[in-house]
Structure formats: C-alpha cells, structure tokens
A.B. asks: 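Would you mind keeping the following structure in view while I ask a few things?
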There are 4 protein chains.
Amino acid sequence: MSQEKTEQIFQAAVEIFAQHGFERSKMDEIARHAGVAKGTIYYHFKSKEELFVALMNNRMEKIKEMLNRCMSDTDDPVKQLRNLLEMMVTYLVQNGTFAKLLISEAWGSVERQWEFRARIRELVDIIERVIHRGISQERFYPSNESDTSFSIFGAVSVLVLQEVFRDPQTQSISEERISQMVDSIEQMVYQGVVISGYQE
Amino acid sequence: MSQEKTEQIFQAAVEIFAQHGFERSKMDEIARHAGVAKGTIYYHFKSKEELFVALMNNRMEKIKEMLNRCMSDTDDPVKQLRNLLEMMVTYLVQNGTFAKLLISEAWGSVERQWEFRARIRELVDIIERVIHRGISQERFYPSNESDTSFSIFGAVSVLVLQEVFRDPQTQSISEERISQMVDSIEQMVYQGVVISGYQE
Amino acid sequence: MSQEKTEQIFQAAVEIFAQHGFERSKMDEIARHAGVAKGTIYYHFKSKEELFVALMNNRMEKIKEMLNRCMSDTDDPVKQLRNLLEMMVTYLVQNGTFAKLLISEAWGSVERQWEFRARIRELVDIIERVIHRGISQERFYPSNESDTSFSIFGAVSVLVLQEVFRDPQTQSISEERISQMVDSIEQMVYQGVVISGYQE
Amino acid sequence: MSQEKTEQIFQAAVEIFAQHGFERSKMDEIARHAGVAKGTIYYHFKSKEELFVALMNNRMEKIKEMLNRCMSDTDDPVKQLRNLLEMMVTYLVQNGTFAKLLISEAWGSVERQWEFRARIRELVDIIERVIHRGISQERFYPSNESDTSFSIFGAVSVLVLQEVFRDPQTQSISEERISQMVDSIEQMVYQGVVISGYQE
DNA sequence: GATGAATGAGGCTTCATTCAT
DNA sequence: AATGAATGAAGCCTCATTCAT
C-alpha cells in the first residue's frame with residue numbers, strides 16, 4: 001500500500017537529511033535507507049525539494065498538536081509554561097533528528113529559510129500566547145512578548161541540541177538529565193539568575 | 001600584497017557562505033564577489049573546505065577578543081554579564097552574516113559540525129566563567145552553570161538571528177531596537193518572567 | 001543490458017587510451033566514442049582510473065588464455081616456443097592498440113607502473129615456463145631463464161610495436177609481413193646471429 | 001650564469017619526467033626540484049613541451065656519441081656488436097631515468113611519439129650498421145637487418161628497464177649483475193637458445 | 001635575469017532527474 | 001506501482017602560462 005512506502009521514505013529522509021543537511025543528502029542514500037528504488041521516491045514526490053517540504057509538513061503537525069495538547073490541562077499560565085517547557089525539551093530530545101533539521105535549515109540557505117522560519121514562528125507563537133495571557137493575568141512581568149518568546153525558544157532548543165549532539169553515538173539521554181535541563185531552563189525563565197536583593 | 005587578497009576573499013566568502021550555506025556557495029561566485037579569478041582563491045586556500053575553516057578561525061579570534069575585552073572594565077559579575085549580553089547582541093547584529101554562518105553550520109551537516117560546536121563552546125565558556133564567579137560570590141542563584149550558559153547563548157543568538165533575518169533587505173537595525181532586545185534578554189535572564197509572589 | 005554498454009565503453013576506452021595515453025585521454029571523448037553519456041561511464045566505473053584498470057584486467061585474460069591455449073598442441077618445447085612467438089606476434093599485430101597501451105603504461109608514470117609490470121611479468125612467465133622445460137629436457141642451452149624470457153618478450157614487443165605504429169594510418173599488416181617478423185625473431189632466438197664457426 | 005641554471009633545470013626535469021611521465025609532471029615540481037622559481041623555467045624555455053624536447057635533444061647527443069665511440073676500437077663486427085651490447089646495457093643502467101623516459105614516451109601519447117620513435121630509430125641504426133657489415137663480411141647469418149636490429153634493441157631495453165625498475169629504491173645494480181645481463185643477451189643474440197643438433 | 005602571485009581554460013566527478021520496462 | 005540504468009548540467013579543482021616587479 002502507498003501509505004507504507006511513503007512513511008518508509010519519510011523515516012529514511014528525516015535521518016539522512018538531519019545527518020547531512022539538505023544539500024549533502026543524496027536521493028540514492030535515502031532510497032537505500034528506505035529500502036526502495038530511487039525511482040520509487042520520484043513516483044511519490046516530484047523532487048528532492050518536495051520530499052523535504054512534505055516531510056517537514058508531516059512532522060510539524062505532530063509537534064504542534066502535542067504542544068497544544070499539553071496546555072489543555074489547565075488555565076494557569078504559569079503551569080502552562082511549565083508544561084510547555086517540559087514538553088519541548090522532551091520532544092526535542094526524543095526527536096532530536098527532526099529538531100536539528102528544523103533548526104539548522106532555519107538558519108541555512110536563504111532558499112529554504114523562509115519556510116522554516118515561518119514554521120519556527122508557529123512554535124514560538126504557542127509560547128507567545130501563554131506569555132501574553134500570563135501578562136494579562138498579571139502573573140508574568142510585563143515585557144516584549146515576542147522577544148521573550150523567541151528567547152525562551154532559543155534557550156530551549158540550543159540547550160537541547162547541544163546535549164543531543166554532544167556525542168554522536170549516545171542517542172539515549174536519561175530521564176534524569178531531561179529533568180535537569182528542564183529545571184535549568186525553568187529556573188532561569190522563572191526567577192532569572194541574579195539574586196534579587198543584589199540587583200543594582 | 002598577499003594579505004589584501006586574502007582579506008578580499010574572506011569578505012566575499014562570509015557573505016556568500018552566510019547567504020547560501022556552505023554547500024550551495026559556489027567558488028565561482030565567491031571569486032566574482034571578491035573581484036579575483038577563481039584560481040586565485042586556490043592559490044591561497046587548498047580547497048573550499050579550507051577556505052571555510054580559515055575564515056571561521058579568522059573571524060572567531062575577533063569576537064573572542066571583543067567579548068573578553070568588554071569584561072575587563074569591572075570585576076562585578078552582574079555588570080560583566082550585562083556587558084556580555086550587550087556586546088553579544090551588538091556583535092551579532094553587526095556581523096549577522098558571520099553569526100548566522102556560525103549557528104547554521106553548527107547544526108548543519110555532521111561533516112563540519114564538530115568544529116563548529118567546539119567554537120560555540122568557546123563562546124559559551126566565556127559566559128560560563130562569568131556565571132561561575134557570580135555564583136561563587138553569591139550574586140547569582142546556584143544552578144547548573146553549563147546549562148544556564150548554553151541557555152543564555154541560545155536565547156541571545158536565536159533572538160538576534162530572528163531579528164536580523166526577519167527581512168532580507170533590512171540590514172539596518174536601529175540602536176533603539178538593539179537596546180530593546182538587550183532589555184528583553186536582560187529582564188528574562190536577571191529576574192525571570194514569573195512574578196515572584198505568585199510562584200507556585 | 002548492462003553487459004553491452006560495458007563492452008561498448010571498453011572498446012572505446014582501449015582506442016582512446018592507446019591513442020593518447022592515460023592522462024591525455026578525456027572521459028568526454030571516450031563517452032562520445034562509445035556513444036553513451038559521460039555519466040553512463042561513471043554509472044559503471046567509479047573513476048577514470050578504475051575504468052582503466054578494469055579494462056586491462058578484461059583484456060589480459062583474453063591474451064593469457066590465447067597464449068596458454070597455443071601451447072597445448074604439443075609437449076615439445078621447441079615447437080611450443082615457436083607457437084608462442086607466432087601467437088604473440090599475431091596477437092600484438094591484431095590488438096596493437098591494446099599492446100601499445102600495455103607497454104607504454106608499463107614504463108609510464110610510477111603511479112600505475114607496478115600494476116602493469118606485474119601483468120607483463122605474467123606474460124613473461126608463460127615464456128619462462130617453456131624455456132625452463134626446454135632446458136630441463138636439454139633442448140635449449142642452459143642460461144638465465146628469466147633474463148632470456150624478458151629479452152624474448154622485449155624483442156617481440158618492440159619489433160611489433162615499431163611495425164604497427166610505423167605509419168599511423170596503416171592498420172593493416174600483411175600476413176606475409178607477419179611471417180617475416182616471426183622468422184626474424186625465430187632466427188635470432190633459435191640460432192643467434194653470429195655464424196658459429198667464426199665465433200671468437 | 002645561464003648555462004648553470006639550464007643544467008639545473010635539465011637535471012630536475014629528467015627525474016620528474018621519468019618518474020611521472022610528461023603529462024603528470026608539473027612545472028611547479030620541476031622548479032622546486034631544481035631550486036629555481038617557476039618563472040625561471042619559462043625564462044629559459046618557452047613551454048613545458050619545449051623544455052621536454054630540449055631535454056631529449058641534449059641527452060640524446062651524449063648517448064649517440066658514447067655508442068659510436070665504443071665501436072671505434074675495432075673493425076670486427078662481432079666485437080663491435082659485443083661492445084655495443086655492453087655499452088647499451090651499461091648506459092641504460094646508469095641513466096635508467098632517461099632510458100625509461102625514452103622508451104615510455106616512444107609508445108606514449110600519439111602527440112609526441114613520432115619524435116621519440118625517430119630518436120629510437122637513430123639508436124637502432126647504429127646497431128643496424130654493425131649488423132649490415134657483419135652480414136656483408138659473412139660473419140653474421142643473412143637476415144632482415146632492420147628487424148634483427150629492432151629485436152636486439154627491444155631485448156636489451158626491456159631487460160634492463162625491467163631490472164632497473166624492479167624495485168623503486170634500489171638504484172644500485174651491481175657490476176656483476178650487469179655482466180650477467182650482458183651475457184644473457186649475448187648468448188641469445190650470438191648462438192640462440194636452441195641446441196643446434198636438435199633443431200628439427 | 002629571476003621571481004612568484006595571479007589567471008582561467010579545461011578536466012574529472014557528482015547527483016537530481018527521467019523513462020522504458 | 002515500482003524499478004534502476006542512463007543522462008548531462010553544474011561544480012570543484014588543477015596547472016601551464018603570464019606579467020608586474
């Protein structure tokens with residue numbers, strides 16, 4: 001059935017694309033990895049570019065659903081932000097290969113970066129909505145909501161990627177380490193680093 | 001004189017590499033941009049790869065010097081961190097082209113990523129040293145120093161890159177906008193986003 | 001079918017390589033000569049070098065078979081040597097293009113010469129075995145078998161190549177001329193040039 | 001003085017050319033080997049081609065003189081042939097690098113081969129003249145003089161080259177081994193390999 | 001006379017894409 | 001639906017040659 005082959009190809013593609021980046025990834029290698037003939041990829045996707053875009057669309061839906069779902073438990077922005085941070089870290093760790101792809105191509109060649117920045121913007125928007133409500137409800141300090149959201153996104157993604165790709169072999173990051181990273185981020189995002197009394 | 005040509009080539013190279021990424025950048029275009037013949041590049045650098053590496057080495061020295069210098073004014077970690085944040089934002093804005101290159105290749109193809117992650121680590125180390133002293137002097141909350149440093153680096157770099165490449169034409173970001181970004185970051189890093197009383 | 005294209009390419013390759021030598025032969029020209037696209041060669045052979053090596057292997061088998069076969073008629077070393085000389089001259093004349101390639105590259109650039117010398121050694125070995133048996137059976141004068149074999153090989157190959165490439169157009173050497181060359185070689189190899197009585 | 005530089009360049013050139021063949025030899029390497037700047041070669045020779053031709057002319061004179069000189073001792077063709085064989089083997093061993101160049105280029109690319117074959121022809125002519133007089137004086141068996149001369153030349157050159165380049169390091173071939181090779185060749189050329197009584 | 005930085009035409013190789021089966 | 005042999009445009013790199021000093 002067609003659906004199967006397509007998913008086979010997607011799975012091979014994320015790995016290869018994430019490993020080498022778009023340009024260095026070869027259709028030959030993706031085909032071999034997927035266990036199909038090169039022609040088969042072209043039967044399902046018009047071009048390398050289109051395969052890539054379809055792949056991103058497919059994977060993006062999942063992460064957005066997941067992030068939105070994790071906020072439905074509660075209406076408290078503080079808790080929602082905490083959930084969000086936890087979920088992002090967890091997702092990025094578990095799908096490091098896709099995460100890396102997302103980030104690297106976003107700052108990659110000008111030809112594809114708009115598409116990716118738009119996608120990243122979608123994720124940041126989810127954060128921003130929480131921040132916005134937090135400020136409205138006077139639970140968060142007033143601030144430039146957009147800047148803050150990007151900063152949080154940056155902090156999370158760079159920290160996690162750094163960890164995920166610290167060692168090429170180690171794909172396994174312990175639950176414990178994940179908690180630790182969430183804590184580090186939370187501490188900074190929630191209370192900052194500077195001990196208040198001393199400020200100024 | 002040789003030094004001149006080399007710098008000409010470097011300047012052309014940062015732009016082209018940052019615009020298209022390593023793979024899509026063509027030696028032809030770099031040569032044209034630099035106003036030299038293609039062979040001239042190969043007279044000075046053994047390969048595209050080597051040009052790239054030499055370029056990164058050359059540009060990294062400058063930013064490291066700059067960051068180290070901006071901390072020599074004072075011994076107060078709080079002030080040093082502030083200086084660092086200001087300087088990083090300013091530098092990244094002014095050299096967005098190099099900054100983007102650094103970030104994008106760090107998460108790019110495995111072939112070059114180790115080199116780049118090592119370089120990013122050097123920058124993060126500068127932050128980490130300040131954090132470390134801040135904690136030792138009980139000016140900063142105790143925390144995982146390394147994680148915090150990476151988070152700060154991530155927050156700054158993603159925020160700035162997002163701004164710099166928001167619009168391909170606009171290379172000019174106002175002084176005012178820079179201050180605003182520094183403030184956003186500082187606010188988050190110094191006091192966090194959550195109003196303390198409400199926490200938990 | 002794949003076998004066909006490969007043989008097409010081989011045939012074009014012997015000619016072009018023999019005409020210009022390895023270095024001056026252009027893949028473009030080989031492709032054009034073979035009536036295939038340049039990429040097709042690279043689909044079947046990893047590189048120019050590999051095409052060359054594969055070609056030599058392919059052609060060497062044929063000549064070795066032929067030489068071995070021509071000795072199976074008889075056990076008389078004198079007759080075997082005569083057959084060998086005849087066959088070598090005939091083969092070299094008919095496949096002058098390959099013969100030339102073999103000889104020229106054997107003394108060509110160090111990079112490939114070992115491979116070729118090893119191949120020539122295989123041919124010389126066939127001669128040497130006959131010489132050896134001839135001496136054992138007291139039909140040939142005792143001598144340094146290896147030296148003698150190389151000398152015979154040198155005499156045959158240089159004489160024939162000289163004839164084949166005397167005139168670039170004339171690819172046709174008459175049966176008669178072939179006999180004559182075989183006779184010249186045989187006379188020298190069998191009885192020497194000096195009239196015995198006069199010797200010293 | 002100009003003469004010095006020219007000879008320096010010649011010496012570097014024979015080595016490099018003999019090692020890699022004409023095509024793979026780089027002017028850069030010749031210059032470095034000669035201890036002069038690349039431009040200097042072009043000051044003395046119009047092109048790589050011209051350097052090559054000049055080099056061959058220069059070295060050919062020496063060998064022809066030598067061969068002609070070694071026959072002036074005696075009028076006996078048998079002795080002259082013996083001298084010739086000895087001298088050729090000795091020369092080829094001592095100037096293996098030039099010898100190899102001569103042979104390899106003679107069967108090399110069609111572009112230069114005519115020039116080289118003409119040169120080889122000059123050497124063979126020296127042999128042929130001896131053969132001719134030997135036959136006239138009824139000291140040698142009547143035969144195709146030209147074929148016999150080429151065969152002798154082929155036997156000598158292939159045997160010696162094989163020996164010289166048997167091992168890349170060993171440039172030193174003992175006096176003894178030289179005598180042995182001369183003997184092997186002489187035996188074959190003078191009396192042949194087949195014991196007369198048995199012939200047919 | 002001598003130098004070596006600069007040049008650019010030319011060659012090898014890669015790889016996305018096509019298409020006949 | 002699937003295949004994989006064939007294609008050729010495009011890019012990296014080499015290296016003989018030039019020329020200003």
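Chain identifiers are assigned alphabetically (A, B, ...) following the order of the sequence lines, protein sequences preceding nucleic acid strands; residue numbering begins at 1 within each chain. Not measured: the values here are computed from a predicted model.
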A.B. asks: What is the distance, to the nearest angstrom, from the CZ atom on Phe45(D) to the P atom on dG1(E)?
C.D. replies: 13 Å

A.B. asks: Taking only the side-chain heavy atoms of Thr40(A) (C-beta and beyond), determine which of dT7(F), dT3(E), dA2(F) contains the nearest atom.
C.D. replies: dA2(F)

A.B. asks: Using both distances under 3.5 Å as the test, list the Watson-Crick or G-U wobble partner of dG11(E), or none.
C.D. replies: dC12(F)

A.B. asks: Please report, rounded to the nearest Å, how far the P atom of dA16(E) is from the CZ atom of Arg24(A).
C.D. replies: 12 Å

A.B. asks: From NE2 of His44(D) over to P of dG1(E), roughly how many Å is that when rounded to an integer?
C.D. replies: 7 Å

A.B. asks: Using atom OH of Tyr43(A) as one end and atom C1' of dT21(E) as the other, report the distance to the nearest whole Å.
C.D. replies: 15 Å

A.B. asks: Atom CG of Leu51(B) and atom P of dC13(F): how far apart are they, to the nearest Å?
C.D. replies: 10 Å

A.B. asks: Checking Lys48(B) side chain against Glu23(B) main chain: does a donor-acceptor pair fall under 3.5 Å?
C.D. replies: yes

A.B. asks: Could you tell me whether Phe98(B) and Phe10(B) have their ring centroids closer than 6.0 angstrom?
C.D. replies: no

A.B. asks: Got Phe45(D) and Met27(D) here, is their nearest side-chain heavy-atom distance under 4.5 Å?
C.D. replies: no

A.B. asks: Check whether any side-chain heavy atom of Leu102(A) sits under 4.5 Å from a side-chain heavy atom of Met56(A), and report yes or no.
C.D. replies: yes

A.B. asks: What integer distance in Å separates Glu50(B):CD from dC12(F):P?
C.D. replies: 16 Å

A.B. asks: Would you list the protein and nucleotides 10-12 of chain E atom pairs, both N or O, that sit under 3.5 Å from each other?
C.D. replies:
unit_1: dG11(E); atom_1: OP1; unit_2: Lys26(C); atom_2: NZ; d: 3.1
unit_1: dC12(E); atom_1: OP1; unit_2: Ser25(C); atom_2: O; d: 3.2
unit_1: dC12(E); atom_1: OP1; unit_2: Lys48(C); atom_2: NZ; d: 2.8
unit_1: dC12(E); atom_1: OP2; unit_2: Met27(C); atom_2: N; d: 3.1

A.B. asks: Do Thr40(D) side-chain atoms and Val36(D) backbone N/O form a donor-acceptor pair below 3.5 Å?
C.D. replies: no

A.B. asks: For Arg32(D) and dG4(E), give me the distance from atom CZ to atom C1', rounded to whole Å.
C.D. replies: 13 Å

A.B. asks: Could you please name the partner base of dT21(E), counting Watson-Crick and G-U wobble pairs only when both distances are under 3.5 Å?
C.D. replies: dA2(F)

A.B. asks: Can you check whether Phe22(A) and Phe116(A) have ring centres sitting under 6.0 Å from each other?
C.D. replies: no

A.B. asks: On DNA chain E, nearest-nucleotide positions of Glu49(C) versus Lys46(A): which is more 5'?
C.D. replies: Glu49(C)

A.B. asks: Could you tell me whether a side-chain N or O of Ser25(B) sits under 3.5 Å from a main-chain N or O of Ile16(B), the two making a donor and an acceptor?
C.D. replies: yes

A.B. asks: Ile41(D) has an atom CD1; how far is it from atom P of dC19(F), in whole Å?
C.D. replies: 18 Å

